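Below is one structure, written out as structure tokens, with a few remarks after it.
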Amino acid sequence: MSGHESPSIYHLLDSNVPPNPLEIPVVESHILDLVHRISELRRLEDELGRHQAILSPVRRVPREVLGHIFTFLQPFAYGEEVRNSAGRKELVGLSLVCKLWHDATLFTHELWAGLQIKPRHTVESFKPVEAWFSHTGSLRRRLQYDGWHMDDCDAFTDRPRLFDDCGRPNLYLELEPSPCVLATSVLPHLLTSGPPLDHLTLMCSTTECFQQFRDVMESLRDHSANAKPRPWDTLRSLSLKFQSVIYERNNLQPLFGPHFEHLPFVESLEVHLPTDEARFDMDFDASHLELNISPALIERLTTFAICCPWPGAHLLKLLQHCHSVETLTIENQPLIVRYLASPLILPKLRTLRIRNSRDVDLLRLLKAPQLVNLDIENIEMLPLDPVKEEKLVVPLTTFLEQSGCAQGFRSFRLGRCIIDAEQLFTILSYLPSSLATLTLDSLDVDMRRLWKLFKDLDASRDGNDLCFYNLEMLEILNFPSAGRHLDAVVDYIKSRGSSLKFKLVASYKMREQRVLKEKDIRDSLRRAGSGVDANVVPGWPHVLSAA
């Protein structure tokens, strides 16, 4: 071997032979060379990744598409599309990822259209709120004031908040009246000289807060040199919700001041008075109490939602002016006495919702010839108390008969109540044949008995004028899964053959091995040639746990 040639080390690679003194430098040289080559390969691998990232499909997603994806992350505060503090931080965090994401969030106006503020947002918050809404472009803006929930971090730094005595003196502590957090917030200034708003939700601690808020609004208008209409006056939709009602006393009788006078002439109005505050401890007649909502305002409404637990004819006094209302929601209506000799006509009503009421006797007093959708939920609120026939079946059938809406009636929903199968059968069989969507949600009912009644009814008709002939959607939601009860519905559909071609959507309240699975239902209906498409979706407990 010449002096210029390195000794071969290949015999050392696959053996345990120790290297001699001449071979050691050669091995060390090879190691350094391999380390260098590996470092170069790693550098090239990193460079390859950077180049491949240029062609990444995510990188080529248009900012409009990316912004639309971001809208699905938008939180909902109390059922409204508004961003609370956590939602605002989330949106800012998305905008800091990169320039593309920053542009996507900035130019997706929908992300900025809804905003929640709290009492801690004082006058100093005016500019930040105005800047936030400046990103909405021409979209309609939604603002929610949450005066119900205040964490420690939300409290004022310069004065205490007396939750139960907002704007009133605390007699036990002998303190001066505490400032009304609504009246001293940024909201009156926003509604006087801020950006235009489409919808406003006021979640007030008390009705007294709203009274003081109105006083501040009037004082700001008196001192404002701005001639253009206030955002308060140009609202299209307004929601007023109260935790408690403060009544004045006159000869031991309650008085409800003119809190709702001079409301803006909106198209959509919601007024929600709490239930418990109306359960008066003293024995007095509440029928003289007035909401004092202007009839001129009611006549302009197309959407109206009212929760007023006072007994008496308050609701009827309002409904007689609902000439233009198309969507009406009535909640917590107390027992009503027949105040009208003939039904009250709601000529344009298309959707009627009744919530959390002891009965639906009010339906006897109404006539809705243009009714399309009827939604009733939570009748008989006492636990384990089934709905009585005179509280649901009779008023409902009377209402449908006197309304004469059979031609245009399209959907019916009944939710959250205990009902006898025969009573539910009577209701469903009385619905117009034009029915397209039927929803039974969270009902405690004997499904086997119910659908056997329909099966027997169809058999007696011998193929003529069968039930649910025009049905497009049947929803049986949050059904108790103690056993295979949904098979009663499947058996009824199969018995009809190919005469039904609607979509069946079902969900259970809990996971259980004995419930019918989607694949089983699909296969069973397919073999029967029913033409019905079935889906079993997660029930509400599973949706909440997944969230």
Side-chain angles (χ1 to χ4, degrees), residues 76-82 109-110 113-117 133 136-145 187-188 190-192 194-204 210 213-214 217 221 228-242 258-273 290-308 314-331 333 344-355 366-375 408 410-411:
F76 288 74
Y78 312 117
E80 296 188 18
E81 296 182 29
V82 294
H109 300 316
E110 185 179 348
L115 180 64
Q116 180 198 77
I117 62 173
F133 276 135
T136 60
S138 60
L139 293 183
R140 293 177 173 178
R141 302 178 179 96
R142 303 177 297 274
L143 184 63
Q144 179 191 88
Y145 171 84
L187 188 61
L190 285 173
L191 296 176
T192 300
L197 296 173
D198 178 71
H199 172 79
L200 171 66
T201 295
L202 273 176
M203 298 169 62
C204 303
F210 183 71
F213 160 78
R214 280 191 48 210
M217 288 287 294
R221 180 168 63 176
K228 68 179 182 179
R230 301 177 301 174
W232 170 255
D233 299 318
T234 57
L235 286 172
R236 188 190 61 86
S237 176
L238 175 63
S239 177
L240 300 175
K241 301 179 180 181
F242 301 92
H259 295 87
F260 299 144
E261 287 186 344
H262 310 298
L263 293 178
F265 281 82
V266 294
E267 298 175 14
S268 175
L269 176 64
E270 176 183 8
V271 177
H272 191 286
L273 299 179
E290 296 288 346
L291 289 174
N292 297 309
I293 301 178
S294 168
L297 167 58
I298 300 295
E299 290 174 356
R300 291 172 55 103
L301 295 177
T302 58
T303 302
F304 185 34
I306 178 72
C307 175
C308 180
H314 315 285
L315 181 58
L316 293 178
K317 293 178 181 179
L318 298 177
L319 292 182
Q320 65 181 343
H321 300 290
C322 292
H323 308 306
S324 300
V325 169
E326 298 177 6
T327 301
L328 175 63
T329 302
I330 300 172
E331 183 174 355
Q333 171 61 35
L344 181 64
I345 301 178
L346 302 174
K348 295 185 178 181
L349 185 65
R350 296 176 60 84
T351 299
L352 174 60
R353 303 187 186 99
I354 298 180
R355 299 282 188 268
L366 302 180
K367 181 178 180 179
Q370 301 298 322
L371 189 70
V372 176
N373 311 301
L374 180 58
D375 187 341
R410 296 287 291 171
S411 75

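Remember, predicted model here, so these are calculated numbers, not experimental data.
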>> Within the supplied structure, the quantity of interest is the number of heavy atoms (other residues, nucleotides, ligands) at a distance under 6.0 Å from Arg350 CZ; does it exceed 12?
In response: no

So [Y] and [X], do their side chains get closer than 4.5 Å, heavy atoms only?
X	Y	result
Leu301	Val266	yes
Leu197	Leu190	no
Leu191	Phe213	yes
Leu366	Leu349	no
Phe304	Leu297	no

> Could you walk me through whether Ile117 and Leu143 pass the side chain to side chain contact (heavy atoms under 4.5 Å, CB included) check?
Replying inline: CA-CA 8 Å; Ile117 62 173; Leu143 184 63; 4.1 Å; yes

Any donor-acceptor N/O pair, [X] side chain to [Y] backbone, under 3.5 Å:
X	Y	value
Arg140	His199	no
Gln320	Lys317	yes
Arg141	Phe133	yes

Could you tell me the separation between the [atom1] atom of [X] and the [atom2] atom of [Y], rounded to the nearest 0.5 Å?
X	Y	atom1	atom2	answer
Asp233	Met217	CG	CE	7.0 Å
Ile306	Ile293	CD1	CD1	5.5 Å
Thr327	Lys348	OG1	NZ	13.0 Å
Glu331	Ile354	CD	CD1	11.5 Å
His109	Ser138	NE2	OG	6.5 Å
Thr136	Glu110	OG1	CD	11.5 Å

> By side-chain contact (heavy atoms from CB on, under 4.5 Å), which residues pair with Thr302, not counting sequence neighbours?
Replying inline: Glu267

>> Out of the candidates Glu80, Arg142, Lys241, only one should pair with Thr201 under the side chain to side chain donor-acceptor pair (under 3.5 Å) rule; please name it.
In response: Glu80

Nearest atoms (heavy-atom pairs only) where [X] meets [Y]:
X	Y	result
Pro347	Cys322	CD-O, 4.4 Å
Leu344	Leu316	CD2-O, 4.3 Å
Arg230	Thr192	CG-O, 3.7 Å
Pro196	Pro231	CA-CB, 4.4 Å
Arg353	Arg355	CD-NH2, 3.6 Å

> Step by step, would you call Leu352 with Leu346 a side chain to side chain contact (heavy atoms under 4.5 Å, CB included)?
Replying inline: CA-CA 11 Å; Leu352 174 60; Leu346 302 174; over 6 Å; no

>> Angle between ring planes, Trp232 versus Phe210, binned at 30° and 60°: parallel, tilted or perpendicular?
In response: tilted

> Can you list the steps and then say if Leu187 with Leu200 is a side chain to side chain contact (heavy atoms under 4.5 Å, CB included)?
Replying inline: CA-CA 10 Å; Leu187 188 61; Leu200 171 66; 4.2 Å; yes

